[in-house]
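This report concerns only the one structure given below.
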There are 2 protein chains.
Amino acid sequence: MNSSAVVRALGALAQDHRLAAYRLLVQAGPDGMAAGTLAEALEIAPSSLSFHIAQLANAGLVTQRRNGRSILYAADYAAMNALMGFLTENCCGGGVCAPAELVRQTPECC
Amino acid sequence: MNSSAVVRALGALAQDHRLAAYRLLVQAGPDGMAAGTLAEALEIAPSSLSFHIAQLANAGLVTQRRNGRSILYAADYAAMNALMGFLTENCCGGGVCAPAELVRQTPECC
DNA sequence: CGATCATTTCAACTATTATAGAAATATCGA
DNA sequence: TCGATATTTCTATAATAGTTGAAATGATCG
């Protein structure tokens, strides 16, 4: 995960509706949630949800798949791990901290 | 750290120059770096640096103190810890993961 | 196939963000 | 105090982001 991907991921999460949507998806687990359900839960217009969720998807933070007429979105836990790794791996000049250990100890789901 | 503070922190980091500045400060350690030094390292105008660093400071990610004519900025590791904690603490419905353990195992510097 | 449902794309507008240069503020050294 | 240095604030401008409603796309069901 390079700097520009990290900026995109951080920017994707740096908005009320998108952070809320992402957290709903994280809680929803691997099954994910339909776009319409998300829009309803967040109380925003379907087109707004589409606009925001596209940014989360573009940043690689969520995946999408079709199920009948609905499109289900789900959090990508691996991307979250990579983001967290990047934010820690370069700290303290790289010497003192042990980011690899840290990530390894993180449960697979997040 | 509430949702709006997290959005502010993520937004502060979600920009090339600011992410680069923040990482320089993280590497610089507690002594920090002068505003002018940062502007020079990032190759941006002093006024631009001032604009960006103010957002990092407003988000609570960096601290500032005066040293002679210079103003030294330093990364606030506690804020970084809080941000990381928020991003993990609500995952998996709160049941499966062990974020408290995770944070505790993180070295104090990051 | 035609009607319906779910989602995305488009268009138009408003608000926020990023940029650079000039002016203002604050500190230090002579 | 005066001049030099460091940083911030102000001003103006260009670019990006967020919102809504309408139209278009894609998939299902009768």
Side-chain angles (χ1 to χ4, degrees), chain A residues 3-25 28 31-76, chain B residues 3-25 28 31-76:
Chain A
S3 174
S4 117
V6 168
V7 166
R8 216 161 350 112
L10 291 170
L13 291 171
Q15 207 271 348
D16 282 337
H17 293 327
R18 291 197 294 269
L19 182 59
Y22 183 75
R23 296 180 72 197
L24 282 176
L25 291 178
D31 288 349
M33 289 174 69
T37 311
L38 274 172
E40 200 172 343
L42 298 173
E43 298 183 323
I44 61 178
S47 59
S48 282
L49 186 277
S50 187
F51 171 80
H52 289 304
I53 203 82
Q55 285 179 68
L56 289 171
N58 179 259
L61 291 168
V62 304
T63 59
Q64 56 184 309
R65 68 182 195 281
R66 178 172 283 277
N67 179 265
R69 305 185 188 183
S70 297
I71 293 185
L72 298 179
Y73 288 91
D76 185 328
Chain B
S3 173
S4 118
V6 168
V7 167
R8 218 167 341 118
L10 290 169
L13 291 171
Q15 208 270 348
D16 282 337
H17 293 327
R18 290 198 294 270
L19 182 58
Y22 183 74
R23 296 181 71 195
L24 282 176
L25 291 178
D31 289 349
M33 289 175 70
T37 311
L38 274 171
E40 200 172 343
L42 298 173
E43 298 182 324
I44 61 178
S47 60
S48 283
L49 186 279
S50 187
F51 171 80
H52 289 303
I53 203 81
Q55 285 180 68
L56 288 171
N58 179 259
L61 291 168
V62 305
T63 59
Q64 57 184 309
R65 67 183 197 279
R66 179 173 282 278
N67 179 265
R69 306 181 190 188
S70 297
I71 294 186
L72 299 179
Y73 288 90
D76 185 329

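Labels below follow one simple rule: chain letters A, B, ... track the order of the sequence lines, proteins then strands, and each chain is numbered from 1.
The shortest distance between the side-chain N/O atoms of A:Arg18 and the OP1/OP2 oxygens of D:dG18 is below 4.0 Å. In this structure, B:Ser47 does not reach the D:dT7 phosphate: none of its side-chain N or O atoms is under 4.0 Å from OP1 or OP2. A close approach under 4.0 Å does not occur between any side-chain nitrogen or oxygen of B:His52 and OP1 or OP2 of C:dT17. The phosphate of C:dA6 has neither OP1 nor OP2 within less than 4.0 Å of any side-chain N or O from A:Tyr73. Remark: B:Ser48 is in phosphate contact with C:dA20, judged by side-chain N or O atoms under 4.0 Å from OP1 or OP2.
Listed nucleotides: D:dT28, C:dT7, C:dA18. Nearest to the side chain of A:Arg69: D:dT28. Proximity note for B:Arg66 (side chain, C-beta onward) versus D:dT7, D:dG18, C:dT27: the nearest is C:dT27. Proximity note for B:Ala45 (side chain, C-beta onward) versus D:dT19, C:dA20, C:dG29: the nearest is C:dA20.
Across all strands, A:Gln55 comes closer than 4.0 Å only to sugar-phosphate atoms, never to a base (heavy-atom distances). Note on B:Ala34: only backbone sugar-phosphate atoms sit closer than 4.0 angstrom, heavy atoms only; bases stay farther off.
B:Gln55 contributes atom CD, which lies 8.0 Å from atom CD of B:Gln15 (distance to the nearest 0.5 angstrom). Atom CG of A:Leu38 is separated from atom CG of A:Leu49 by 5.5 Å, given to the nearest 0.5 angstrom.
Atom CZ of B:Arg65 is separated from atom C1' of C:dT27 by 17 Å (rounded to the nearest Å). Whole-Å rounding puts the B:Ile71 CD1 to D:dT8 P distance at 5 Å.
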